[in-house]
Amino acid sequence: MSKLSVPVRKFDAVIVGAGGSGLRAAIQLSEAGLKTAVLSKVFPTRSHTVAAQGGVSASLGNSEEDHWHWHMYDTVKGSDWLGDQDAIEYMCRKAPEVVVELEHFGMPFDRTDEGKIYQRPFGGHMSNFGEKPVRRACAAADRTGHAMLHALYQRNVRANTQFFVEWMALDLIRDQSGQVLGVIALEMETGEVVAFHSKATVFATGGAGRIYYSSTNAFINTGDGLGMAARAGIALEDMEFWQFHPTGVAGAGVLITEGVRGEGGILRNSTNERFMERYAPNAKDLASRDVVSRAMVTEINEGRGCGPNKDFVLLDITHLDPATIMKRLPGIREISIQFAGIDPIKAPIPVVPTCHYQMGGVPTNYKGQVVGDDGAPVRGFYAAGEVACASVHGANRLGTNSLLDLLVFGKASGDTVIDDLRSGEIGLRDLPADFADRTLARLNRLNTQTGGASVNECRLELQRTMQKHCGVFRFKDMLVEGVAKIVEVEKAAAHTEIKDKSQVWNTARVEALELDNLVEVAKATMVSAEARKESRGAHVRDDAPDTPANPNGRDDVNWHKHTLWHREGNRLSYKPVIMKPLSVETIALKTRSY
Amino acid sequence: MATSTMQFKIYRYDPDKDNAPYMQDASVEVDFSLDRKLLDVLTRLKAKDDSLSYRRSCREGICGSDAMNINGKNGLACLTEIKDLKQPVVLRPLPGLPVIRDLIVDMTQFFKQYHSIKPYLINEGPRPERERLQSPEEREELNGLYECILCACCSTSCPSFWWNPDKFVGPAGLLNAYRFIADTRDQATNERLDDLEDPYRLFRCHTIMNCVDVCPKGLNPTRAIGKIKEMMVRRAI
């Protein structure tokens, strides 16, 4: 295919991804009457937001006193002080507004006796600046993400949003000046390649949890936005920080919400001990996710795991009233029966920490604008949700802050696009002559490659390497070796061969193109992790132990800064953490304990 | 390690090279200690033959991508236990919709019907500053309705939908219609009932109940349809 044959379609805005943040951005743009295209690899309600379970945080105070400032404090502390405090203040202040809005869109939240939105406790969410757990997670049973994604899609149906369903974006288009001019995308049904030429491009492509072998993430979470951004010369921020969710079903990886512990569930080791009491005397089972995951792995490593191989711990809710389980956790019961073969009303669920969420991503400010290394916006480029790094999650995300993130920053990015369009800040500029070259070269290679590596084997090698070399606990030598191994995978991935050459719904081609993106993310992760010589949040190294000078291994003098990974030259640079909030006092650095 | 060979008969069709669809015999080594669900085995089959095409995403029964016809019954591959399957396992695309390729169907008609019921909350009243109140009992009315994952297992198992996919809303669409009718926050109940009061849109349902039988989420569209009919009768008298 020559570039002359690449058709071009023009839009005011193109949103890539139709999960929570993409749909929330689309509502702003469609309701404002802008010509907007929303591209998605899957029908919108199949996006991974659908799998979120426990809740979305907002200091509504429906069951007890709460305040956005407490929420902000918890989020900064949860981030191990790596989160940017302007963005965190913005998110926590906006939370009640966007959650109430969602209720108005039709979201079927559970209700309190007074008819208000039901709220449950969640890990790391406390009242009065870290005092005791507070009910802040707004929930629709344990299907909050499903209910939210459908409500957002439904609002888009009402707004007549134009969707391009089962279209995969392949590459970002930028011109000489660095302005972003849209994306090139592949229609999966026909194999047709089209340029979406737009004034504004919003990435809402989600995370890349599939870089790990054991992941709660959907098959589609292959970091497409990160790959596209990296190939287009955008640095990726804080990619060493990956959240391992404490409770994935052992063996299957399927998520069991933290809401289970919010409703009173307890983690137990092989001696039936409630071991979290030792690691987090105050918050116990509701400590932050990184803390709980490390405690679990420590229990397993010290021989107190359960099962024939002593390789998991137990999540116990047998002491809860079965009526509560049926009412508040029906989906979890279903999942446990389906994937662990256990009815949690009768027996505890075997769980292990499982890769769940990427805290890093495409660097943005709190308005949803993608920013360059100097902090200045990249014209025409916006990002929200898991693909973006605002950074509100820093080194560790609190449960329920992801659904909040995508509402707040989905909306903010939409609003910023509208402002930038109306002020004339961005407009439709000419496509550069070579806009399709890179993409067509990638597709042509796949069409003609013979004798190359299998996509499936390359991906498995990548996932196993990440799992082994860059997990819950990290070791210097393993990281160094991991970098070399990922570079090997990258070489093989450059020559993958697919047997299927059909133009129609070619899933082999899609998986090969996704692998290109997984490779970028894995490389960014391993290289950033190898370089960060401290322990912070989800990144914990054996050579950065807990000492009086560096409590928990955190080295604020040398490492209180964001990592930026540049694809070109596979190199790193760093930028300061934004410590100044928008209106309140800085939440000063402090040792983190729960 | 409990490995064994599983036999399959799979519907194959690639319009780029096949003149007509055909059933392909396939077999694959399965490790029962790792593979539990049909989707796990499909992944193994695809590793052997990358041209085998099907949709999949969450692999936990919440996204609704991998609906297909499994040994004659619609279901989700990711929730189908392999140990229970009679061999050779016969896999076909969902019936009643045009096939694009292999196990992938064109769902346009299905979504068109879903969209036709105005699947969004209609409340033109002034937006309150806080949430609209709804009692736990009122909220309970939405249970068994809002959980629909739009997988299309139900509608594509319904003979009435096969015959009139352009005119009959189908069980999934009607279940969702009732989800909004039943919502105390929605103000368009009368308009919604008017829209469905039609010999085809609603009344093609002959309570065959295939929909109830196949729903992977255990929902009951027939009951929802019955409720809509009941409301129509009640408002007529």
Side-chain angles (χ1 to χ4, degrees), chain A residues 42-43 45-48 50-51 60 96 99-101 103-106 108-118 140-141 143 145-147 150-151 153-155 157-158 189 218-220 251-252 254-255 331 334-335 338-339 454-457 498-508 511, chain B residues 14-17 34 36-37 43 46-47 49-65 79 81 100-102 104 106-107 111 115 118-123 127-136 138-139 142-143 145-150 179-180 183 185-186 217-218:
Chain A
V42 294
F43 184 78
T45 63
R46 321 233 186 273
S47 309
H48 194 55
V50 80
L60 295 174
V99 167
V100 165
E101 225 164 43
E103 193 282 327
H104 293 163
F105 293 165
F109 281 112
D110 285 2
R111 300 290 171 158
T112 64
D113 288 342
E114 302 89 68
K116 297 177 184 171
I117 294 171
Y118 169 77
R143 306 184 180 100
H146 170 274
H150 281 254
Y153 177 68
Q154 289 159 355
R155 184 73 181 189
V157 172
R158 179 180 181 271
E189 183 177 338
F219 281 103
I220 55 171
V254 177
L255 175 70
E334 222 176 285
I335 283 174
Q338 278 279 351
F339 292 95
S454 123
V455 171
N456 198 50
E457 279 160 25
I498 53 172
K499 306 280 186 208
D500 187 357
K501 308 288 188 194
S502 174
Q503 282 297 98
V504 180
W505 247 103
N506 188 330
T507 47
E511 289 185 26
Chain B
D14 175 2
D16 239 14
K17 64 178 177 66
L34 295 172
R36 194 180 176 112
K37 305 293 183 185
T43 308
K46 190 167 175 60
D49 171 7
D50 70 7
S51 71
L52 175 63
S53 306
Y54 52 89
R55 293 186 177 101
R56 87 283 180 268
S57 185
C58 75
R59 61 82 170 87
E60 57 186 68
I62 192 73
C63 80
S65 296
L79 293 185
E81 202 76 29
I100 299 173
R101 179 177 176 178
D102 296 347
I104 296 170
D106 180 349
M107 298 186 68
F111 288 123
H115 293 151
K118 297 193 175 168
Y120 43 83
L121 194 82
I122 299 176
N123 185 324
R127 288 246 301 251
E129 256 183 44
R130 290 293 301 243
E131 66 263 50
R132 294 194 173 101
L133 299 182
Q134 187 173 51
S135 73
E138 290 169 338
R139 166 59 183 78
L142 307 183
N143 286 349
L145 303 171
Y146 83 95
E147 301 94 324
C148 173
I149 59 173
L150 299 174
R179 178 249 172 273
F180 289 100
D183 195 323
R185 299 169 298 172
D186 190 272
K217 304 309 284 183

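The chains referred to below are lettered A, B, ... by the order of the sequence lines, with proteins before strands, and numbering in each begins at 1.
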Heavy-atom distance under 4.5 Å to chain B: side chain of A:His150, backbone, both or neither? side chain
Check whether B:Asn123 gets within reach of chain A through its side chain, its backbone, both or neither, counting any heavy atom under 4.5 Å. neither
Chain A contact via B:Tyr54 - which portion, at a heavy-atom distance below 4.5 Å: backbone
Between B:Leu142 and chain A, with a heavy-atom cut-off of 4.5 Å, which part of the residue counts as in contact: side chain, backbone, both or neither? side chain
Let's test your reading of the structure: which of B:His115, B:Arg185, B:Lys217 forms the most heavy-atom pairs below 4.5 Å with chain A? B:Arg185
Looking at chain A, which one of B:Gly64, B:Ser57, B:Ser51 has the largest number of heavy-atom pairs inside 4.5 Å, strictly under? B:Ser57
Go through the side-chain N and O atoms of B:Arg139 and A:Tyr118 and say whether any donor and acceptor fall under 3.5 Å apart. no
Please report the interatomic distance CG(B:Asp50) to NZ(A:Lys499), rounded to the nearest 0.5 Å. 8.0 Å
Atom pair CZ/OG1 of A:Phe219 and B:Thr43 - distance to nearest 0.5 Å: 4.5 Å
Is A:Arg111 salt-bridged to B:Glu138, going by a charged N under 4.0 Å from an acidic O? no
Closest approach of A:Ala140 to A:Phe109 (non-hydrogen atoms, all atoms of both residues): CB-CA, 4.2 Å
Contact part of A:Asn456 toward chain B, heavy-atom cut-off under 4.5 Å: side chain, backbone, both or neither? side chain
Begin with the C-alpha distance, continue with both residues' side-chain angles, and end with the deciding distance and a verdict on side chain to side chain donor-acceptor pair (under 3.5 Å) for B:Gln134 and A:Lys116. CA-CA 7 Å; B:Gln134 187 173 51; A:Lys116 297 177 184 171; over 6 Å; no
Considering only heavy atoms, which portion of B:Ile104 lies under 4.5 Å from any heavy atom of chain A: side chain, backbone, both, or neither? side chain
How close do A:Asn506 and A:Ser502 get, counting heavy atoms only, and between which atoms? ND2-O, 2.9 Å
Look at A:Val504, A:Ile498, A:Thr507 and state which one has the largest set of heavy-atom pairs under 4.5 Å with chain B. A:Val504
Most heavy-atom pairs under 4.5 Å with chain B, out of A:Val99, A:Asp110, A:Ile117, A:Leu255, belong to A:Ile117
Given a strict heavy-atom distance threshold of 4.5 Å, which part of B:Glu129 is in contact with chain A: side chain, backbone, both, or neither? backbone
Between A:Thr112 and chain B, which part of the residue has a heavy atom less than 4.5 Å away: side chain, backbone, both or neither? backbone
If you tally heavy-atom pairs under 4.5 Å against chain B, which of A:Arg158, A:Glu101, A:His48, A:Glu114 wins? A:Arg158
Top residue by heavy-atom pair count (under 4.5 Å) with chain B, among A:Asp113, A:Val42, A:Ile335? A:Asp113
Please identify which of these residues, B:Arg36, B:Lys37, B:Glu60, meets the side chain to side chain donor-acceptor pair (under 3.5 Å) condition with A:Gln338. B:Lys37
Has the side chain of B:Asp186 got a donor or acceptor atom that lies under 3.5 Å from a matching backbone atom of B:Ile122? yes
Checking B:Pro119 against chain A: side chain, backbone, both or neither under 4.5 Å from a heavy atom? both
If you tally heavy-atom pairs under 4.5 Å against chain A, which of B:Leu121, B:Asp16, B:Asp14 wins? B:Asp16
For the candidates B:Glu131, B:Glu147, B:Lys118, which exhibits the highest count of non-hydrogen atom pairs separated by less than 4.5 Å from chain A? B:Glu131
Ion pair check, A:Asp500 and B:Lys17, cut-off under 4.0 Å: no
Do the side chains of A:Glu103 and B:Arg132 get close enough for a salt bridge, i.e. N-O under 4.0 angstrom? no
Pick whichever of B:Ser135, B:Pro15, B:Pro136, B:Gly61 has the most heavy-atom pairs under 4.5 Å with chain A. B:Pro136
Select, from A:Ala147, A:Ala151, A:Ala508, A:Ala141, the one with the greatest count of heavy-atom pairs under 4.5 Å involving chain B. A:Ala508
What part of A:Val100 lies closer than 4.5 angstrom to a heavy atom of chain B: side chain, backbone, both or neither? side chain
Check the side chains of B:Ser53 and B:Lys46 for a donor-acceptor pair under 3.5 angstrom, ignoring hydrogens and angles. no
Quick check, are the ring centers of B:Tyr120 and A:Tyr153 under 6.0 angstrom apart? no
Between B:Ser65, B:Ala47, B:Cys58, who has the most heavy-atom pairs with chain A when the cutoff is under 4.5 Å? B:Ser65
